[in-house]
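For reference, the structure discussed in these notes is given below.
Numbering of residues begins at 1 and proceeds along the displayed sequence.
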Amino acid sequence: KPIGKSTLRVGFPGKANFGATAWYHYDCVWKESVLLAPIDTSQSLEETVDGFEKLKNEDQTKLSSDLKKNCKAAAEKEPPLPPKMAADYAKSDKSECKSCATKIAKNALRVGFTGKANFGAVAWYHVDCLKKCPQEYSKGIKADTPLEELVDGFDKLNKDDQKKVEKEVKALASPTGAPKRKSEGEESAKASPAKKGRK
């Protein structure tokens with residue numbers, strides 16, 4: 001339903017079409033447990049929520065309280081499970097890199113995340129584009145996880161390509177499996193009073 005003018009709304013940058021902010025009624029946003037889960041309540045609200053300092057004092061207090069009720073500090077979160085990944089040589093030139101949006105040539109090395117494309121298919125990347133994958137894809141990758149366990153098909157690659165894949169996957173890893181880096185528009189909440197004509 002439309003969000004009324006001057007009504008408090010909360011959103012997630014990059015989660016709507018074309019990278020726009022996905023806005024929610026204040027009372028509706030707390031149902032989005034998947035989007036709320038990465039928020040670290042041990043950080044200041046000014047860091048976590050773009051526009052927080054511009055809200056009314058009573059809205060700041062309400063948002064702060066509800067975030068603490070519905071989210072956890074990083075230290076309290078369960079370590080994320082590693083993602084399912086795959087690597088192989090493209091069987092045709094029909095697959096497309098999810099980062100640069102260009103075709104992956106037949107027989108070219110590709111690496112991806114299982115279940116992240118339409119209908120549960122693999123979201124494929126050129127190996128050099130893997131570093132640009134959404135942050136949520138790389139959650140759970142630990143620096144000490146054997147690539148044979150993490151990446152389906154890794155053992156079937158030639159040695160040089162195994163080294164390439166290992167280098168790029170390890171670049172996404174962290175000791176705990178928590179995201180190592182923050183992608184633009186990812187995993188931050190955003191709040192503002194709604195403006196006329198915007199939903």
Side-chain angles (χ1 to χ4, degrees), residues 1-85 98-99 113-116 123 130-145 149-150 168-195 198-199:
K1 296 180 180 180
I3 299 174
K5 181 182 178 182
S6 300
T7 301
L8 179 63
R9 60 182 183 176
V10 180
F12 299 90
K15 297 300 183 181
N17 291 339
F18 308 108
T21 299
W23 289 109
Y24 292 81
H25 292 106
Y26 186 85
D27 290 338
C28 293
V29 75
W30 309 113
K31 301 174 185 177
E32 298 296 326
S33 57
V34 173
L35 294 176
L36 291 167
I39 295 175
D40 180 5
T41 55
S42 65
Q43 295 182 336
S44 70
L45 272 295
E46 289 78 4
E47 294 179 34
T48 305
V49 183
D50 183 27
F52 179 79
E53 69 282 355
K54 298 178 182 178
L55 300 179
K56 299 175 182 177
N57 288 339
E58 58 265 33
D59 288 335
Q60 288 184 354
T61 300
K62 180 168 68 171
L63 180 57
S64 177
S65 174
D66 286 335
L67 277 172
K68 290 178 180 178
K69 289 178 183 176
N70 291 276
C71 308
K72 295 181 179 180
E76 300 173 335
K77 297 179 187 292
E78 293 291 331
L81 295 173
K84 294 181 179 179
M85 299 186 68
K98 297 301 180 183
S99 175
F113 296 88
T114 305
K116 297 300 184 181
L130 189 65
K131 62 178 68 72
K132 300 176 183 178
C133 73
Q135 182 182 1
E136 62 189 42
Y137 287 11
S138 63
K139 286 180 187 176
I141 298 178
K142 296 183 180 181
D144 59 355
T145 302
E149 296 179 12
L150 185 61
E168 296 303 325
V169 172
K170 293 294 186 182
L172 302 176
S174 71
T176 63
K180 184 177 180 180
R181 53 177 174 72
K182 185 173 285 188
S183 301
E184 183 177 357
E186 292 285 329
E187 295 196 9
S188 62
K190 185 175 183 178
S192 82
K195 297 180 180 179
R198 294 184 65 182
K199 300 180 180 180

Qualifying residue, where the test is side chain to side chain contact (heavy atoms under 4.5 Å, CB included) with L63 and the options are L8, V10, T48: V10
Side-chain touch K139/P38, heavy atoms, less than 4.5 angstrom: yes
Donor + acceptor pair across side chains of D59, Y26 (<3.5 Å): no
Note, P13 side chain near D50 side chain (heavy atom, < 4.5 Å): no
Pairwise distance NZ(K56) to OG(S6) - rounded to 0.5 angstrom: 7.5 Å
Other residues, nucleotides, ligands: >12 heavy atoms within 6.0 Å of K68 NZ: no
Nearest-0.5 Å distance that lies between atom CH2 in W30 and atom CG in D66: 5.0 Å
Gap between atom OG of S64 and atom CG of L55 - 0.5 Å precision: 11.0 Å
NZ/NE/NH1/NH2 to OD/OE distance under 4.0 Å, E136 and K15: yes
Side chain proximity check, Y24 to L35, heavy atoms < 4.5 angstrom: yes
Any donor-acceptor N/O pair, Q60 side chain to F52 backbone, under 3.5 Å: yes
Value rounded to 0.5 Å, distance of CG in L150 from OG1 in T145: 6.0 Å
Closest non-hydrogen atom pair, K170 against K142: NZ-O, 4.2 Å
Side chain to side chain contact (heavy atoms under 4.5 Å, CB included) against A16, all qualifying residues, sequence neighbours excluded: A20, A22
Nearest atoms (heavy-atom pairs only) where A143 meets A173: N-CB, 3.5 Å
V169 side chain reached by M85 side chain, heavy atoms, under 4.5 Å: yes
Which atom of A123 lies closest to which atom of Y137, heavy atoms considered: CB-CE2, 4.4 Å
